[in-house]
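Working notes for the structure below.
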Amino acid sequence: MKTIEHWVDGAFYTGSPTGRIGVENPATGEIEAELLQASAADLDHAVEVARRAQQEWAKVPLAKRVDIMFKMRQLVLDHSDELARSIVAEHGKNYSDAIGELQRGRETLDFACGINAALKGEHSFDISRGVDIHTLRQPVGVVAGICPFNFPAMVPMWMHPVAIATGNAFILKPASPTPTASLLTAELYKQAGLPDGVFNVVSGDRTTVEKILEHPGIDAISFVGSTPVAHIVQNVGVTHGKRVQALGGANNHAIVLPDADLDFAAGHISAAAFGAAGERCMALPVVVAVGGVGPILAEKVKAHAEQIKVGPGMEDGVQMGPVISAAAKKRIVGLIDDAESRGASVVLDGRSLVIEGHENGHFLGPTVLDGVPLEAPVYYEEVFGPVLTIVHADSYAQAIEIVNASEFGNGAAIFTNDGGMARRFTLDVEAGMVGVNVPIPTPVAYYSFGGWKESLLGDHHIHGPEGVRFYTRGKAITSRWPSERTYAATMSFQRED
Ligand code: NAD
């Protein structure tokens with residue numbers, strides 16, 4: 001059985017593990033590797049290494065830091081196949097989706113290649129007689145990134161390129177089901193010339209996270225995962241004096257107005273609901289169909305969804321893989337059963353799908369539910385599976401009320417051909433990322449990514465300009481040079497003009 005170690009100080013690190021966590025292939029249900037569970041001493045060691053490395057890294061000139069980021073970007077491109085295969089094996093998504101994940105992740109490396117522009121300060125001269133002011137931003141120190149299973153490479157890449165390019169050291173805690181992409185990333189940073197100790201990987205379960213949240217040597221935490229854990233990370237991290245951004249769960253809605261091009265909408269909705277088996281925080285699990293379009297739309301989505309080839313992610317032509325675990329499959333099936341018992345019509349039923357030769361894999365087929373009551377948990381909970389829930393509204397006013405009553409506010413979209421209604425929606429909707437005829441409105445990495453309400457705790461969105469602010473502290477420097485001209489000291493707080 002393969003053992004997956006940590007990565008500390010530029011090398012694989014065994015430390016003194018407190019246990020081992022099985023890493024499963026969700027397409028076969030087989031445990032294929034064991035992940036070491038870090039001890040408190042292992043984390044202490046990684047933090048000590050990171051603190052020491054950061055002191056030197058922060059002094060490395062921007063030109064050199066940018067050079068390393070350019071090399072890293074190229075290395076990720078060159079090693080996409082290896083990275084994607086590791087994602088397919090541990091997460092289950094199909095190969096082309098894994099390649100897509102890497103492309104989206106690389107966008108943050110593109111942004112980090114221009115970090116010198118993002119770090120420019122401001123300067124005003126003669127704010128008072130002979131007195132100038134300028135601002136600069138310095139790294140916060142050691143940053144920990146705590147990540148979810150569903151984007152094993154991309155979500156960490158939302159964090160480490162910006163954190164590292166701005167002069168921090170980084171400790172990555174990958175999700176236990178999907179650790180390998182993080183270790184490949186570590187090897188690539190080494191090849192790119194990043195000094196040892198600036199990027200580290202420490203694995204484990206919730207106990208490792210608890211130690212990170214309390215560790216005095218960690219200055220800031222970027223978390224992406226479910227909302228209940230985001231609350232823990234936010235509360236405990238802040239109590240221990242850390243800067244925290246905690247991105248939580250989602251339950252994204254799209255309103256479909258009667259004037260929308262329903263054929264266009266159905267194709268996009270099917271792709272957004274069932275891509276990556278619905279295991280994306282920007283997936284589209286809910287449609288609010290306005291003015292009676294629900295049943296027509298459901299049939300049109302069904303026509304697309306039943307063409308989706310489900311199977312193991314490396315097989316030719318497969319467009320959708322399994323869900324992450326047997327427990328996840330059981331929970332999702334239970335939610336569909338419950339909705340059916342509450343009167344929802346099961347327009348397409350993926351519950352009984354079996355993939356020949358992969359009978360122990362955690363496969364589910366795309367499922368379309370129409371006329372779902374708002375009281376059904378499949379509607380208001382985060383399902384995180386290949387299920388599209390269609391609810392009905394009589395008017396736009398009722399539809400927007402439904403959307404805004406959701407506890408989550410990650411993404412939201414509208415399908416319409418009416419520019420005025422679309423504009424009104426972008427202003428009315430309580431969500432951080434909004435699409436107009438775009439069902440997955442994920443911002444490119446030179447903008448920032450983040451939701452509202454229970455989808456993001458803390459102030460800053462992730463990557464892009466807000467990422468730079470999160471990973472740096474501002475400083476304003478006011479200076480005068482007595483050699484230029486000497487003014488007498490004054491007790492007054494007034495500026496001299
Ligand atoms: P999760 O919350 O279970 O795990 C996330 C991380 O927290 C993992 O590293 C895990 O080891 C750790 N963890 C789990 N339980 C913990 C606990 N009780 N205490 C401390 N740490 C704990 O999330 P997941 O199942 O790996 O990922 C799916 C979730 O992530 C979904 O809710 C999805 O919406 C969310 N997500 C959100 C975004 C976003 O941008 N908002 C992006 C991707 C995923």
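Just follow the structure's listing: the first ligand is 1, and inside any ligand the first atom is 1.
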Review point. Would the Y446 and F111 ring centres measure less than 6.0 Å apart?
Key: no

Report, one line per pair, each donor and acceptor closer than 3.5 Å where one atom sits in a side chain of residues 374-391; sequence neighbours left out.
residue : atom : partner : partner atom : Å
Y379    : OH   : H253    : NE2          : 2.7
E382    : OE2  : A250    : N            : 3.2

Review point. Is a salt bridge present between K2 and E32, judged by a nitrogen-to-oxygen distance below 4.0 Å?
Key: no

**Study point:** Sub-6.0 Å ring centroid separation between H304 and F274
**Key:** no

Review point. Is it true that H45 and Y13 have ring centroids separated by less than 6.0 Å?
Key: yes

Review point. Are H160 and F199 near enough that their ring centres are under 6.0 Å apart?
Key: yes

For ligand 1, list every N/O pair with the protein closer than 3.5 Å, one pair per line with the distance.
residue  : atom   : partner : partner atom : Å
ligand 1 : 2 (O)  : S226    : N            : 2.9
ligand 1 : 2 (O)  : S226    : OG           : 2.6
ligand 1 : 9 (O)  : C147    : O            : 2.8
ligand 1 : 9 (O)  : K173    : NZ           : 2.9
ligand 1 : 11 (O) : K173    : NZ           : 2.8
ligand 1 : 26 (O) : F149    : N            : 3.0
ligand 1 : 30 (O) : G225    : O            : 3.4
ligand 1 : 32 (O) : E382    : OE1          : 2.6
ligand 1 : 32 (O) : E382    : OE2          : 3.4
ligand 1 : 34 (O) : E382    : OE2          : 2.5
ligand 1 : 41 (N) : G248    : O            : 2.8

